[in-house]
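FYI, side chains are in, hydrogens and waters are out, and symmetry mates aren't considered; it's all heavy atoms of this structure.
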Amino acid sequence: MTTATQQVILAPSAVRKDRNRPSRKWPMTVLGIIFLAIMVFPVYWMINSSLQANSGAVNTDWFPIHPTFAGYQTALAQQGGNLVTSLIVSVSTVVLTLAVATPAAYGLARFKMKGMTGFVFVLLITQMIPTIVIANALYTLFNNLGLLNSYLGLILADSAAQIPFSILLMRAFMTSIPATLVEAALVDGANNFRAFVSIVLPISKNAIITAALFTFLGAWGDFLFALTLTSTPDVRPITLGIYNYLGANVSEWGPVMATAVIASIPAGVLLVLAQKYIAAGALGGAVK
């Protein structure tokens, strides 16, 4: 009997043994469920507390047996303006950041210039500077320019913090674009700007969406710039609104948690809608 025939005869018994053997993956599955429950529990507790009237930090029930939306009504009435401020600042920051970072990333990926390595290294270094240091430096500058307590001041500050990261992210993707595609457009008569708009931007859609999402999340969740550069309720992002609201309503956690839930909705919706673009854009530059 040949070896091949023996393998055919023994194959069914081997399959039965594999089926009878206990799965070795269930411990990791249980461990994953435990970690997921730990990470999701604060979100559940936030939603649970927001649906309970006059819930405190200690005596909150585990389930909202008698849910109420009074906290959301209070939150929208008192924090609606701050939500609009955060939306204006975040969207404007995304537009300004992409307008600066996208062509800069293309230039660093496409053209070989002297000192480019040092410039990229400086961009990396800027990511290590604490935000509070940048905020304190911008305070003096914006005070001289009259940009304190203004939308433009917050937009410029958030953009300054997000542009270096966006450049690095999109440059990593654009370096993987074959140079022959751009060269073919140049041969056909297009200039560098036309090739950038017609060829590079459509191909880099995933990286641009990823950079836009991270920029929006960074501006939406900013606290230090808002705390340092604003002092009036006229221009107050939702993060600073929650901070001030917490101190004034610490005995009523329902409206506070409702405000936190409302502030989390835009980020959650964007993450769900753009998750496939995030995965493709973040890993697109890893393989050429």
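No single ILVMFWY cluster, assembled from side-chain heavy atoms under 4.5 Å apart, contains both V120 and V122. The hydrophobic clustering, which links ILVMFWY residues whose side-chain heavy atoms are closer than 4.5 Å, places M257 and V40 apart. One hydrophobic cluster, built from ILVMFWY side chains closer than 4.5 Å, holds both V197 and I203. Under the 4.5 Å side-chain heavy-atom criterion for grouping Ile, Leu, Val, Met, Phe, Trp and Tyr, L36 is not connected to V30 through any hydrophobic cluster. Hydrophobic clustering (side-chain heavy atoms under 4.5 Å, transitive across Ile, Leu, Val, Met, Phe, Trp, Tyr) keeps I167 apart from V95.
In this structure, CG on L138 lies 12.0 Å from CG on L224, to the nearest 0.5 angstrom. To the nearest 0.5 Å, atom CG of residue L154 and atom CG of residue L148 are 9.5 Å apart. The CD1 atom of I132 sits 9.0 Å away from atom CZ of F225, with the distance rounded to the nearest 0.5 Å. Taking CG from L229 and CG from N136, the interatomic distance works out to 9.0 Å, rounded to the nearest 0.5 Å. Going from atom CD1 of I163 over to atom OG1 of T102 covers 10.0 Å, rounded to the nearest 0.5 Å. The CD1 atom of I34 sits 11.5 Å away from the CE atom of M39 when rounded to the nearest 0.5 Å.
Smallest separation of non-hydrogen atoms from G241 and Q79: O-NE2, 3.3 Å. Pairing each heavy atom of A212 with each of L98, the nearest pair is CB-CD1, 3.8 Å. Here the closest heavy-atom approach between residue S92 and residue I155 is recorded as CB-CD1, 3.3 Å. Taking every heavy atom of both residues into account, M170 and A105 meet most closely at CB-CB, 3.7 Å. Between I238 and S86, the shortest heavy-atom contact is N-OG, 2.7 Å. Scanning all heavy atoms of the two residues, the minimum distance from I242 to A260 falls at CD1-CA, 4.2 Å.
With sequence neighbours excluded, the residues that form a ring pair (Phe, Tyr, Trp, His ring centres under 6.0 Å) with F216 are W220. Under the ring pair (Phe, Tyr, Trp, His ring centres under 6.0 Å) criterion, Y139 pairs with no residue, sequence neighbours left out.
Side-chain contact of T215 with S166: a donor-acceptor pair under 3.5 Å is present, judged by distance alone.
At distances below 3.5 Å, at least one donor-acceptor pair connects side-chain atoms of D222 with backbone N or O atoms of A226. The backbone N or O of G153 lies less than 3.5 Å from a partner atom in the side chain of S150, making a donor-acceptor pair. Counting only distance, with no hydrogens or angles, the side chain of S176 and the backbone of F173 share a donor-acceptor pair below 3.5 Å. Proximity of a side-chain donor or acceptor of S159 to a complementary backbone N or O of L96 within less than 3.5 Å is not detected. T97 contributes no side-chain N or O that, together with a main-chain N or O of V94, makes up a donor-acceptor pair within less than 3.5 Å.
Looking at heavy atoms from C-beta onward, T85 lies out of side-chain contact with R236 at the 4.5 angstrom threshold. Counting heavy atoms from C-beta on, the side chains of I262 and L76 come closer than 4.5 Å. Between L123 and R171, every side-chain heavy-atom pair lies at or beyond the 4.5 Å cut-off. Looking at heavy atoms from C-beta onward, N82 lies out of side-chain contact with L240 at the 4.5 angstrom threshold.
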message = For a side chain to side chain contact (heavy atoms under 4.5 Å, CB included) check, start with the C-alpha distance between Y72 and V261, then their side-chain angles and the critical distance, and finish with the verdict.
response = CA-CA 9 Å; Y72 288 90; V261 172; 3.5 Å; yes

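Counting Ile, Leu, Val, Met, Phe, Trp and Tyr side chains that sit under 4.5 Å apart, directly or through other members, I125 shares a hydrophobic cluster with F121, M128.
Relative ring orientation between F165 and F214 is described as perpendicular, the plane-to-plane angle rising above 60° on a 0-90° scale split at 30° and 60°.
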